[in-house]
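Keep in mind it's a predicted model, so treat the numbers as computed, not measured.
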Amino acid sequence: MKKLIILVLFYLSFVTTWAEPESFEGFLKYQVNMVDDISKKPINLEMDFYIKKNVIRIEFEAPNGKLIFLFENENAFMLIPSNKIYTKLPLDYDSTKIQEQFQTILDSKTKQTKKIFGYDCNLYIYSNQNDVFELWCSSFGKTKFLIPLLSEQKIDKIQFPEGVVPLEVRLSDKNNIEKGSFVLKNIEKRKLEDSLFLLPADYTKMGE
C-alpha cells in the first residue's frame with residue numbers, strides 16, 4: 001500500500017491554487033497507467049480531482065480500498081474511508097529548489113501543439129537523471145500548479161510556471177520505454193460544496 005501511494009504521488013498527484021479573477025471550480029478525472037517498480041505489475045486506476053480555489057481533493061481506488069487526499073496551502077491529509085481514519089502528511093518547502101524547477105520546466109517548452117478537451121496545449125519535455133516526462137500543458141490563467149513528491153520522511157514539491165497545467169503526462173526511461181501515463185478523461189466546471197474539502201467529524205487521527 002505504501003509503495004503504491006509513493007508511486008502515485010511521486011509521478012502524478014498535484015495541488016493547485018486557482019487565483020481570481022480566473023478561478024476554476026470543478027471536477028477533473030484522469031486515467032493513470034503505470035508499472036510498479038518492485039512487483040512489475042501494471043497499475044491502472046482512475047483519479048478524481050475536486051478543485052475549489054486553493055483547495056483540492058483527490059480520490060482513487062487503491063488495491064486495499066479507497067484513498068482520499070486533501071491539500072490546502074501548506075496542509076495535506078490522507079483519509080482512509082473504510083476505517084474512518086486520517087493522517088497529516090508533512091510538507092517541506094525549499095524556495096531555492098522551487099525557483100530552479102520553475103526555470104527548468106519553462107525552458108523545456110517545445111513548438112508542438114494540440115487540443116485536449118478544447119484546450120490549446122503545448123508540449124513540454126522535461127528530463128531528470130532517470131526519466132523523461134512529456135507533458136501536454138494548457139494555460140489556466142493565474143493557476144499555480146504543484147506536484148507533491150512523497151517519500152517516507154517528507155513531501156517535497158515541484159512547482160510549474162504560473163498558468164501551466166498538465167492535461168496529459170507520459171513518463172518514459174532514458175531508453176524511451178514508457179513507464180506510465182496520466183491522461184485527462186473528463187473536465188467539468190461546477191459548484192462544489194465546502195464539505196468536500198473538510199476532515200469528516202467522525203474520522204479519528206491515525207495512531208490515536
Side-chain angles (χ1 to χ4, degrees), residues 7-34 42-61 66-73 98 101-127 131-149 157-172 176 178-197:
L7 283 169
V8 170
L9 286 184
F10 183 85
Y11 291 120
L12 305 171
S13 299
F14 60 73
V15 182
T16 57
T17 300
W18 303 84
E20 298 293 351
E22 299 178 46
S23 61
F24 176 90
E25 182 175 342
F27 166 80
L28 301 94
K29 180 184 289 290
Y30 287 84
Q31 177 65 43
V32 179
N33 299 298
M34 58 194 307
I43 299 172
N44 302 296
L45 53 86
E46 291 183 338
M47 299 185 75
D48 296 334
F49 294 80
Y50 300 86
I51 299 168
K52 186 171 185 176
K53 294 186 179 179
N54 66 330
V55 292
I56 184 168
R57 175 188 178 106
I58 303 172
E59 299 182 4
F60 62 92
E61 290 288 340
K66 185 176 184 178
L67 293 177
I68 299 172
F69 291 86
L70 300 177
F71 294 95
E72 180 176 10
N73 297 323
I98 294 299
Q101 291 163 343
F102 267 18
Q103 192 59 47
T104 299
I105 296 173
L106 187 63
D107 291 342
S108 73
K109 184 177 179 179
T110 73
K111 294 183 179 180
Q112 296 185 55
T113 63
K114 72 175 181 179
K115 285 185 178 289
I116 299 177
F117 282 89
Y119 291 93
D120 293 320
C121 296
N122 291 99
L123 176 62
Y124 291 73
I125 300 178
Y126 170 71
S127 301
D131 301 309
V132 178
F133 294 84
E134 294 188 0
L135 307 98
W136 287 98
C137 301
S138 189
S139 175
F140 280 70
K142 297 291 186 178
T143 302
K144 296 178 181 178
F145 185 90
L146 300 172
I147 297 181
L149 307 179
K157 297 183 293 185
I158 291 179
Q159 186 161 350
F160 283 70
E162 186 175 84
V164 177
V165 177
L167 301 185
E168 179 179 317
V169 178
R170 304 283 177 180
L171 172 66
S172 59
N176 203 31
E178 186 167 299
K179 298 172 63 175
S181 62
F182 180 56
V183 179
L184 183 69
K185 305 300 291 184
N186 188 31
I187 180 170
E188 180 183 342
K189 290 184 178 181
R190 68 182 194 218
K191 292 291 184 181
L192 300 175
E193 296 294 329
D194 291 340
S195 58
L196 273 174
F197 307 96

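From R57, atom CZ reaches atom OG of S195 across 8.5 Å, with rounding to the nearest 0.5 Å. Atom CZ of F49 sits about 9.0 Å away from atom CZ of F71, to the nearest 0.5 Å. Put simply, CG on L184 and OH on Y119 are 9.0 Å apart, with the number rounded to the nearest 0.5 Å. Separation of atoms CG (D131) and OG (S172) is listed at 7.5 Å; rounding is to 0.5 Å. Rounding to the nearest 0.5 Å places CD of E72 at 9.5 Å from CZ of F197. If you take CD on E46 and CD on E61, they are separated by 10.5 Å, rounding to the nearest 0.5 Å.
When all heavy atoms of M47 and I58 are compared, the closest pair comes out as CE-CG2, 3.6 Å. Across T110 and N122, no two heavy atoms sit closer than the pair O-ND2, 4.4 Å. When all heavy atoms of D48 and K29 are compared, the pair lying nearest together is OD1-NZ, 2.7 Å. Contact record, I51 with L192: O-CD1, 3.5 Å, taken as the closest heavy-atom pair. When all heavy atoms are compared, the tightest approach of Y30 to P166 is OH-O, 3.3 Å.
Here F117 pairs with nothing under the ring-ring contact (aromatic ring centres under 6.0 Å, His included) rule; sequence neighbours left out. Not counting sequence neighbours, the partners of K66 by the side-chain hydrogen bond (donor to acceptor under 3.5 Å, both in side chains) test are E59.
Applying the 6.0 Å contact sphere to NZ of K114 captures more than 12 heavy atoms from other residues, nucleotides or ligands. For N44, the CG atom counts as densely surrounded, since its 6.0 Å shell holds more than 12 non-hydrogen atoms of other residues, nucleotides or ligands. Other residues, nucleotides and ligands contribute over 12 non-hydrogen atoms within 6.0 Å of the CD atom of E188.
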Step by step, work out the side-chain contact (heavy atoms from CB on, under 4.5 Å) result for Q112 and W136.
-> CA-CA 9 Å; Q112 296 185 55; W136 287 98; 4.0 Å; yes
Decide side-chain contact (heavy atoms from CB on, under 4.5 Å) for E178 and N33; before the verdict, give the C-alpha distance in whole Å, the side-chain angles of both, and the deciding distance to 0.1 Å.
-> CA-CA 10 Å; E178 186 167 299; N33 299 298; over 6 Å; no
Could you walk me through whether L70 and V55 pass side-chain contact (heavy atoms from CB on, under 4.5 Å), step by step?
-> CA-CA 7 Å; L70 300 177; V55 292; over 6 Å; no
Trace of the side-chain contact (heavy atoms from CB on, under 4.5 Å) decision for D120 with K115 | CA-CA 5 Å; D120 293 320; K115 285 185 178 289; 2.5 Å; yes
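Classified by interplanar angle (parallel below 30°, tilted 30° to 60°, perpendicular above 60°), the ring pair Y50/F27 is tilted. The aromatic rings of F69 and F60 lie parallel to each other, their planes meeting at an angle below 30°, with 60° marking the opposite boundary.
Using a 4.5 Å cut-off on side-chain heavy atoms (C-beta onward), V132 and R170 make no contact.
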